[in-house]
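Working notes for the structure below.
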Amino acid sequence: MSAVIIDGKQVAKDIREEIKVEVERLTQQGVRPGLAVILIGEDPASQSYVKAKAKACEEAGIYSSVIRKNETITESELLQLIDELNGDESIHGILVQLPLPKHISEEAVIQAIHPAKDVDGFHPINVGNMVIGADCYLPCTPHGVVELIKRTGTSISGKHAVVVGRSNIVGKPVSMLLLQENATVSICHSRTKNLADITRQADILVVAVGKAHMIGAEHVAPGAIVIDVGVNRVEGNKLVGDVRFDEVKEIAGFITPVPGGVGPMTITMLLKNTVEAAKKKMMA
Ligand code: NDP
């Protein structure tokens with residue numbers, strides 16, 4: 001039997017409706033949530049991500065300010081800009097679109113953002129709080145992944161979750177969040193031997209590698225929930241995931257498409273964190 005397709009676009013739309021109501025309420029109380037997005041250089045993918053984020057803010061009623069800087073900006077100039085935004089009362093969340101030019105340290109930039117405005121959830125303070133299960137901004141893509149799994153109606157507790165990929169922005173945090181949901185978690189990466197033997201044990205399989213179509217039917221157990229985080233451009237500028245969708249959907253219980261799966265959830269969680277930041281500021 002063919003898998004149920006998880007409609008990330010629809011789930012994201014539903015959550016964004018809830019966010020819009022919350023934004024309206026906060027704005028009436030005198031605090032309109034505000035997000036600053038810093039975009040450096042001309043990378044087409046970054047430009048389109050930033051455009052999508054600004055549009056999503058606008059639709060939700062969130063104030064957004066896109067600050068575009070030339071690639072020649074120095075690290076200290078960028079840190080200075082972040083410092084100014086840290087002190088700006090109208091801005092509750094700050095996001096620096098990655099990747100950065102080679103002469104700027106990603107680590108220095110992430111650490112310069114005040115943890116209370118780190119709506120990407122990348123600052124070591126937020127990462128640490130996430131690991132110990134304390135109050136923090138959850139990183140947007142991993143949070144979106146867990147939300148999509150929950151919305152299948154399946155309980156994560158006690159399930160074997162296998163995550164393929166161990167990056168700091170997706171693989172590691174998604175593994176941590178699944179662990180907090182009481183899954184038994186296996187993390188696979190480029191040195192993992194006999195990958196298919198491990199992934200076939202998964203009740204929940206999250207793939208975040210960045211290699212088009214690397215996961216096929218041979219990697220998936222019947223009935224598994226398969227979440228494809230991968231975004232890869234192939235010939236004709238077409239977007240595809242890391243999973244061979246047509247093949248895997250015949251085996252899996254649930255599967256996310258690319259596009260229209262995890263992608264829309266990432267921006268939605270960014271909006272959610274920005275609203276959260278504004279609420280915290282109001283209560284401070
Ligand atoms: P990274 O390149 O940072 O990490 C890729 C991970 O995959 C690494 O941990 C790497 O292992 C592992 N890997 C590489 N080859 C293999 C292999 N053959 N077998 C098993 N594991 C392997 O990527 P990101 O985590 O940043 O992103 C992953 C994908 O998700 C990309 O396509 C990206 O575009 C997409 N993405 C999508 C988002 C969305 O909103 N939909 C948001 C963020 C990312 P090792 O650590 O050993 O090198």
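Everything quoted here is computed from the prediction, not taken from an experiment. Both ligands and their constituent atoms are indexed starting at 1 by order of listing. Scope of the values below: all heavy atoms of this structure, side chains included, with no hydrogens, waters or symmetry mates.
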Query raised in the report: Is it true that K279 and E22 make a salt bridge, defined as a side-chain N closer than 4.0 Å to a carboxylate O?
Result: yes
Report task. Provide the number and element of each atom of ligand 1 under 4.0 Å from a heavy atom of G165. Result -> 6 (C), 7 (O), 9 (O)
Query raised in the report: Which of these, V209, V170, V262, has its nearest heavy atom closest to atom 23 (O) of ligand 1?
Result: V209
Report task. Output yes when a side-chain donor or acceptor of N273 lies under 3.5 Å from a complementary backbone atom of D120, and no otherwise. Result -> no
Query raised in the report: Numbering the atoms of ligand 1 from 1, which are under 4.0 Å from a heavy atom of A208?
Result: 5 (C), 6 (C), 7 (O), 28 (C)
Query raised in the report: In terms of residue, atom name and distance, what is the protein heavy atom nearest to atom 11 (O) of ligand 1?
Result: S190 N, 3.2 Å
Query raised in the report: More than 12 heavy atoms of other residues, nucleotides or ligands under 6.0 Å from NZ of K55: is that the case?
Result: no
Query raised in the report: Closest non-hydrogen protein atom to atom 42 (C) of ligand 1, residue and atom name please, with distance?
Result: T141 OG1, 3.3 Å
Query raised in the report: Heavy-atom contacts under 4.0 Å between V231 and ligand 1: side chain, backbone, both, or neither?
Result: both
Report summary line: Filtering L239, V229, N232 for the heavy atom nearest atom 35 (C) of ligand 1 leaves V229
Report task. Look only at the side chain of D118 and the backbone of H123, and say whether a donor-acceptor pair between them is shorter than 3.5 Å. Result -> yes
Report summary line: Under 4.0 Å between heavy atoms, the region of T266 that gets near ligand 1 turns out to be side chain
Requested in this report: Considering only non-hydrogen protein atoms, determine which one is nearest to atom 29 (C) of ligand 1 and report residue, atom name and distance to 0.1 Å.
Outcome: G210 N, 3.7 Å
Report task. Check each of R191, R166, H189, K211 against atom 8 (C) of ligand 1 and report the one with the nearest heavy atom. Result -> R166
**Report entry** Stepwise salt bridge (Lys or Arg N to Asp or Glu O under 4.0 Å) check, K13 with E59
**Finding:** CA-CA 11 Å; K13 195 166 166 237; E59 282 167 5; over 6 Å; no
**Report entry** G171 to ligand 1, any heavy atom closer than 4.0 Å
**Finding:** no
Query raised in the report: Is ligand 1 under 4.0 Å from a heavy atom in the side chain of V164, in the backbone, in both, or in neither?
Result: side chain
Query raised in the report: Does E250 reach the main-chain N or O of A217 with its side chain, forming a donor-acceptor pair under 3.5 Å?
Result: no
Requested in this report: I would like to know whether E181 and K150 meet salt bridge (Lys or Arg N to Asp or Glu O under 4.0 Å); could you show each step before the answer?
Outcome: CA-CA 10 Å; E181 296 290 336; K150 285 185 176 169; 3.0 Å; yes
Query - I91, V96, I113 screened by side-chain contact (heavy atoms from CB on, under 4.5 Å) with L85, the one that passes - result: I91
Query raised in the report: What residue and heavy atom of the protein are closest to atom 4 (O) of ligand 1, and at what distance?
Result: S167 CB, 3.7 Å
Report task. Determine, for E24 against K20, whether the closest basic-nitrogen to carboxylate-oxygen distance falls under 4.0 angstrom. Result -> no
Report task. Using non-hydrogen atoms of the residue, decide whether I169 is closer than 4.0 angstrom to ligand 1. Result -> yes
Query raised in the report: Just heavy atoms, cut-off under 4.0 Å: does M214 contact ligand 1 by side chain, backbone, both, or neither?
Result: side chain
**Report entry** Note: E276-K272 ion pair, threshold 4.0 Å (strictly below)
**Finding:** no
